[in-house]
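Position 1 is the first residue of the sequence, and the numbers go up from there.
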Amino acid sequence: MRLLSIETSCDETSAAVVEKKGQYISLLSNSTSSSARIHAQTGGIIPEEAARAQINAIIPVINEALLNSERVRAKSPEEEYKIAQEILSQKIQGIAVTSGPGLIGSLLVGIETAKTLAFVTKKPLYQVNHLLGHLYANFLVDDTNTKNIEFPFIGLIVSGGHTDLLFFESHAKYKWLGGTRDDAAGEALDKIGRMLNIQYPAGSEIEKKAEQNTNSTLHFQSPLLHDKSYDFSFSGLKTEVMRYVKNNNLDENLINSVCDATQNAVIKVIIKKTLKAMMEYNTSRVLIGGGVAANAKLRNSLKEEAKNNNIPLMLFAPSPSLCADNAAMIGARALLAEQPVPWQKVTPQPELYFST
Ligand code: KG4
Ligand code: ZN
């Protein structure tokens, strides 16, 4: 089965064409337009601006994904619409869309577009939880990679809006173990980046600056490190860094040290709780997803820490471009785990969280 999937939960407008290939998902095309540059000017996302950008991008992005899935090019905008329409009606068997969580204005653009396409083409419509989508980016394959993801596994979602640990027994049966009580890991990095005059979104730049650090003495606390739950909290770290930044004259070297210490504090607690979950639920498999999962230090330190503690680990992580918001991951979750829903029943769920 081949799906057109759509993701518009925040500041990325993305459309993809994906196809089921055994227990994995083949990625035929994935087109994404981001309004992050607009938000860089204000240091964070203004929901109204994000929604307006979604409106401008949604149709061109869908057309591009459809044409790329068949490797065809149009000679004019008129031809582009015609070819896109033909591919949609002849090659696509269903439509998937992110229903939440996310910004309501942004979600609405993708959802109303998907509902309209499903209604007009009479194709089944699938709604997907964005957060599960992040983990399902791991099921996307191309001709060059093979995988052996088996149940059970631990799912670690680390994004700009969420930090969650889950235990999966099957596609349908999963349990939420814990999550952040305040800021998400990426959100904390972005806010700390702002204190350091690093452009939004700051995560990858913080990672680069941390690599340049030559002074390893600076240390920030990892909140809830010794707490027995699987919960996280990053707002205290933000306050600790803010105090440090106010009381010190930051030159380039010190900024690199602050980045390194911040990144270490975030990573340390994520790793500790992920390894604890693996042991408690007796599994060596971990799937990570979300923008922060692109962080190489996080991936490498998780492997290193598992090795130092003699814990067998099979870590699955998407390629960096598929860690960020994209529609391919939404199609992957839809094809592997979701059932179609009547288009009349699909509405935005901005506060869609996991139940315990
Ligand atoms: O998953 P995502 O694209 O959007 C949400 O669903 O939130 O995640 C965006 C987040 C931002 O906070 C960004 O700073 C962070 O991912 N991020 C990183 C890296 N690349 C992006 N954080 C740490 N290291 C990175 N290399
Ligand atoms: Zn996301």
Side-chain angles (χ1 to χ4, degrees), residues 1-9 12-34 54 57-75 77 79-99 110-111 113-118 120-130 132-149 171 287 289 294 316-340:
M1 184 175 198
R2 194 176 281 196
L3 288 188
L4 167 69
S5 53
I6 297 171
E7 150 64 39
T8 66
S9 65
E12 264 88 35
T13 314
S14 185
V17 176
V18 290
E19 188 167 57
K20 194 152 186 279
K21 193 177 172 189
Q23 57 161 328
Y24 296 105
I25 302 299
S26 178
L27 174 54
L28 302 181
S29 69
N30 187 36
S31 299
T32 304
S33 161
S34 176
Q54 295 284 2
I58 188 77
I59 300 299
V61 160
I62 289 174
N63 283 353
E64 188 176 270
L66 288 168
L67 267 68
N68 285 351
S69 73
E70 292 294 321
R71 293 165 201 245
V72 287
R73 284 187 187 281
K75 291 191 197 81
E79 197 186 34
E80 181 183 297
Y81 276 98
K82 190 169 165 283
I83 299 173
Q85 198 180 15
E86 278 165 15
I87 296 170
L88 179 63
S89 70
Q90 290 163 23
K91 305 278 176 153
I92 303 290
Q93 280 102 38
I95 292 152
V97 68
T98 302
S99 58
I111 289 173
T113 306
K115 284 165 73 172
T116 307
L117 293 179
V120 171
T121 61
K122 298 191 176 63
K123 295 188 196 285
L125 180 62
Y126 299 78
Q127 59 176 347
V128 175
N129 177 325
H130 175 84
L132 293 177
H134 270 305
L135 295 179
Y136 275 69
N138 286 293
F139 287 93
L140 292 163
V141 290
D142 58 30
D143 294 340
T144 58
N145 61 7
T146 52
K147 290 186 177 177
N148 53 347
I149 301 176
H171 289 304
L287 271 63
F316 297 92
S319 63
S321 66
L322 293 171
C323 286
D325 288 350
N326 66 84
M329 66 187 198
I330 302 302
R333 171 72 194 175
L335 280 173
L336 291 172
E338 304 295 341
Q339 294 301 319

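- Every residue two or more places apart in sequence or in another chain that forms a side chain to side chain contact (heavy atoms under 4.5 Å, CB included) with A114 is listed here: I6, I95, V97, L125.
- Remark: P340 engages P124, Y126 in a side chain to side chain contact (heavy atoms under 4.5 Å, CB included) (not counting sequence neighbours).
- Checking side-chain atoms of E64 against main-chain N and O of P60 turns up no donor-acceptor pair under 3.5 Å.
- Atom CG of residue L140 and atom NZ of residue K21 lie 11.0 Å apart, to the nearest 0.5 angstrom.
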Got a list of side-chain donor-acceptor pairs under 3.5 Å for residues 319-334, not counting sequence neighbours?
from : atom 1 : to   : atom 2 : distance (Å)
D325 : OD1    : H130 : NE2    : 3.1
D325 : OD1    : H134 : NE2    : 3.0
N326 : OD1    : A328 : N      : 3.1
N326 : OD1    : M329 : N      : 2.9
N326 : ND2    : L322 : O      : 3.1
N326 : ND2    : A324 : O      : 2.8
R333 : NE     : E338 : OE2    : 2.9
R333 : NH1    : Y136 : OH     : 3.1
R333 : NH1    : H171 : O      : 3.1
R333 : NH2    : H171 : O      : 3.4
R333 : NH2    : E338 : OE2    : 3.2

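- Partners of K82 by side chain to side chain donor-acceptor pair (under 3.5 Å), not counting sequence neighbours, listed by chain and number: E86.
- I149 CD1 to L336 CG: the interatomic distance, rounded to the nearest 0.5 Å, is 9.0 Å.
- Counting only N and O atoms by type, the side chains of T98 and E7 include a donor and acceptor under 3.5 Å apart.
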Evaluate the side-chain contact (heavy atoms from CB on, under 4.5 Å) criterion for residues E80 and L67: first the C-alpha distance (whole Å), next the side-chain angles of each, then the deciding distance (0.1 Å), finally the verdict.
CA-CA 8 Å; E80 181 183 297; L67 267 68; 4.2 Å; yes

L335 and L3: side-chain contact (heavy atoms from CB on, under 4.5 Å), yes or no, with the steps?
CA-CA 8 Å; L335 280 173; L3 288 188; 3.6 Å; yes

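- Counting only distance, with no hydrogens or angles, the side chain of N138 and the backbone of L135 share a donor-acceptor pair below 3.5 Å.
- At least one side-chain heavy atom of F316 sits under 4.5 Å from a side-chain heavy atom of N148.
- Within 6.0 Å of atom NZ in K123, more than 12 heavy atoms from other residues, nucleotides or ligands are found, so the atom counts as buried in its surroundings.
- Note that the NZ atom of K122 and the CG atom of L117 stand 13.5 Å from one another [nearest 0.5 Å].
- Taking CG of L66 as the reference point, atom OG of S29 lies at 7.0 Å (rounded to 0.5 Å).
- By the 6.0 Å contact criterion, CD on E79 is enclosed, its count of non-hydrogen atoms from other residues, nucleotides or ligands being greater than 12.
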Could you check I25 against E19 for side-chain contact (heavy atoms from CB on, under 4.5 Å), going step by step and ending with a plain yes or no?
CA-CA 6 Å; I25 302 299; E19 188 167 57; over 6 Å; no

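- For the residue pair Q54/T13, the side-chain donor-acceptor check at 3.5 Å is satisfied.
- Here the closest non-hydrogen pair linking N63 and A84 is OD1-CB, 3.3 Å.
- Atom CD1 in I87 sits 10.5 Å away from atom CG in L4 (nearest 0.5 Å).
- Contact detail for N30 and A16: the closest heavy-atom pair is OD1-CB, 3.5 Å.
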One pair to check against side-chain contact (heavy atoms from CB on, under 4.5 Å): I62 and T113. What are the steps and the verdict?
CA-CA 10 Å; I62 289 174; T113 306; 3.6 Å; yes

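- Checked by atom type, the side-chain pair T32/S14 shows a donor-acceptor distance below 3.5 Å.
- Residues satisfying the side chain to side chain contact (heavy atoms under 4.5 Å, CB included) test with Q93, not counting sequence neighbours, are M1, R2.
- A heavy-atom distance below 4.5 Å is not found between the side chains of S26 and V18.
- Listed by chain and number, the residues in a side chain to side chain donor-acceptor pair (under 3.5 Å) with N129 amount to none (sequence neighbours excluded).
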